[in-house]
Amino acid sequence: MSTSTVRGAAVLAVALAAFTVSCGADPAPQAATPSASASVSASAPGSASASGSASGSASGSSQGASPSSQSPTEPTARPAELVRDAFAGLQATLKDSCTPGNCAYFLGRVYDELHRMDRAMKADPKGPGHFPEPISLIAKLDAELGGDRTFENLKKHQTSLIGTRDQINTWMQGHPDDYR
């Protein structure tokens with residue numbers, strides 16, 4: 001009975017140690033990468049010791065940071081991923097519309113997603129010259145809006161705003177290598 005108690009205690013200690021290491025290692029990668037769940041699950045089997053040592057050094061710096069960082073996709077994502085993520089955000093607006101209780105939010109979101117797309121394309125390693133049509137469409141929309149992104153102005157230019165979104169969606173669909 002003494003041997004089984006020792007084995008049980010050893011198994012429990014190993015399980016608790018593994019749980020402690022995994023709990024301590026997860027917050028640092030999530031704060032550091034936009035797709036933490038994908039990168040952690042992809043690298044977890046072979047990098048348990050590396051993530052365990054990284055969490056020890058990163059825990060001091062991440063304690064002062066807020067667990068809900070402001071925008072994990074843009075600041076830490078690689079430029080090529082920014083276009084993919086921005087295009088996904090833009091496509092998410094395709095199923096929505098300007099309904100009476102949702103119009104201000106919807107138009108503001110389309111505007112924001114278009115400008116997120118613009119920033120991503122300009123930061124892409126292929127260069128802004130790789131995305132001439134979408135960038136010029138957003139520039140044309142901006143000239144039409146005159147820097148006024150109030151709901152009243154967005155509502156006034158709703159057709160242009162939605163048309164720009166749709167044209168960029170069509171252009172991107174013709175260039176799948178830029179978002180996959």
Side-chain angles (χ1 to χ4, degrees), residues 23 26-44 61-180:
C23 288
D26 283 346
Q30 287 175 353
T33 61
S35 57
S37 61
S39 65
V40 169
S41 64
S43 65
S61 63
S62 66
Q63 286 178 353
S66 170
S68 60
S69 48
Q70 294 170 334
S71 179
T73 26
E74 270 190 88
T76 58
R78 291 180 301 185
E81 292 171 340
L82 293 177
V83 172
R84 180 199 65 209
D85 294 346
F87 184 51
L90 189 66
Q91 284 187 307
T93 67
L94 293 172
K95 295 180 183 177
D96 212 351
S97 63
C98 192
T99 59
N102 191 34
C103 197
Y105 168 78
F106 169 68
L107 294 177
R109 180 165 180 215
V110 171
Y111 177 90
D112 291 343
E113 294 296 345
L114 284 170
H115 287 83
R116 178 178 167 204
M117 189 79 183
D118 188 53
R119 288 188 305 273
M121 289 183 292
K122 289 175 179 174
D124 192 84
K126 296 173 188 170
H130 185 72
F131 304 97
E133 189 174 334
I135 291 173
S136 69
L137 288 168
I138 294 169
K140 180 181 172 189
L141 175 68
D142 285 345
E144 192 175 320
L145 293 173
D148 181 5
R149 74 165 311 245
T150 62
F151 169 65
E152 293 76 22
N153 196 43
L154 293 179
K155 181 71 176 155
K156 178 180 169 185
H157 298 285
Q158 179 177 346
T159 304
S160 295
L161 185 67
I162 303 305
T164 301
R165 177 203 62 188
D166 294 346
Q167 288 176 302
I168 291 173
N169 180 55
T170 300
W171 190 91
M172 289 297 291
Q173 292 293 337
H175 298 80
D177 56 313
D178 291 324
Y179 64 89
R180 288 190 180 154

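For the single chain, residues carry numbers from 1 onward in sequence order.
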Engineer: For the pair Lys126 and Val83, evaluate side chain to side chain contact (heavy atoms under 4.5 Å, CB included) and give the outcome as yes or no after the intermediate values.
Structural biologist: CA-CA 11 Å; Lys126 296 173 188 170; Val83 172; over 6 Å; no

Engineer: Verify the neighbour count for atom CZ of Phe151: are there more than 12 heavy atoms of other residues, nucleotides or ligands below 6.0 Å?
Structural biologist: yes

Engineer: Mind checking whether Leu114 and Leu161 have side chains closer than 4.5 Å, heavy atoms only?
Structural biologist: yes

Engineer: If you measure from CG on Asp142 to OG on Ser160, what distance do you get to the nearest 0.5 Å?
Structural biologist: 11.5 Å

Engineer: Between atom CG of Leu137 and atom CD1 of Ile168, what is the distance when rounded to the nearest 0.5 Å?
Structural biologist: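 Leu137 CG to Ile168 CD1: 5.5 Å, rounded to 0.5 Å.
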
Engineer: Do any N or O atoms from the side chain of Arg119 and from the backbone of Ala86 form a donor-acceptor pair under 3.5 angstrom?
Structural biologist: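 No, the answer is negative, given that no donor and acceptor are paired below the 3.5 Å cut-off.
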
Engineer: Report the C-alpha distance between Asp112 and Arg149 in whole Å, list the side-chain angles of each, state the deciding distance to 0.1 Å, and finish with yes or no for side chain to side chain contact (heavy atoms under 4.5 Å, CB included).
Structural biologist: CA-CA 10 Å; Asp112 291 343; Arg149 74 165 311 245; 2.9 Å; yes

Engineer: Look only at the side chain of Asp148 and the backbone of Asn153, and say whether a donor-acceptor pair between them is shorter than 3.5 Å.
Structural biologist: no

Engineer: Applying salt bridge (charged side-chain N to carboxylate O under 4.0 Å, His left out), can you list everything that pairs with Lys122, at least two apart in sequence or on another chain?
Structural biologist: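 Applying salt bridge (charged side-chain N to carboxylate O under 4.0 Å, His left out) to Lys122 gives Asp118.
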
Engineer: If you define the side chain from C-beta out and look only at heavy atoms, does anything of Glu152 sit under 4.5 Å from Lys155?
Structural biologist: no

Engineer: Counting C-beta onward and ignoring hydrogens, is there a side-chain heavy-atom pair between Met121 and Phe87 closer than 4.5 Å?
Structural biologist: no

Engineer: So, do Met117 and Pro134 sit near enough that their side-chain heavy atoms are less than 4.5 Å apart?
Structural biologist: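 Side-chain contact under 4.5 Å: no.
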
Engineer: Side chains of Met172 and Gln91: closer than 4.5 Å at any heavy-atom pair?
Structural biologist: no

Engineer: Going from CG on Asp166 to OG1 on Thr159, what distance comes out if it is rounded to the nearest 0.5 angstrom?
Structural biologist: 11.0 Å

Engineer: Could you tell me which residues satisfy ring-ring contact (aromatic ring centres under 6.0 Å, His included) with Tyr111, sequence neighbours excluded, listed by chain and number?
Structural biologist: His115

Engineer: Please report, to 0.1 Å, the donor-acceptor pairs under 3.5 Å made by any side chain of residues 95-103, with sequence neighbours excluded.
Structural biologist:
from	atom 1	to	atom 2	distance (Å)
Asp96	OD1	Asn102	ND2	3.1
Asp96	OD2	Asn102	ND2	3.4

Engineer: Identify the heavy atoms of Ala92 and Arg109 that sit nearest to each other, and give their distance.
Structural biologist: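 Heavy atoms of Ala92 and Arg109 come nearest at CB-NH2, 3.3 Å.
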
Engineer: Are the side chains of Ile162 and Phe106 in contact, using a 4.5 Å heavy-atom criterion?
Structural biologist: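 Yes, at least one pair of side-chain atoms sits under 4.5 Å.
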
Engineer: List the steps and the verdict of side chain to side chain contact (heavy atoms under 4.5 Å, CB included) for Leu94 and Arg165.
Structural biologist: CA-CA 9 Å; Leu94 293 172; Arg165 177 203 62 188; 3.5 Å; yes

Engineer: Are the side chains of Leu154 and Leu145 in touch, meaning some heavy atoms are under 4.5 Å apart?
Structural biologist: yes

Engineer: Side-chain donor-acceptor pair under 3.5 Å between Thr93 and Glu113, yes or no?
Structural biologist: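 Looking only at side-chain atoms, Glu113 and Thr93 do not form any donor-acceptor pair under 3.5 Å.
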
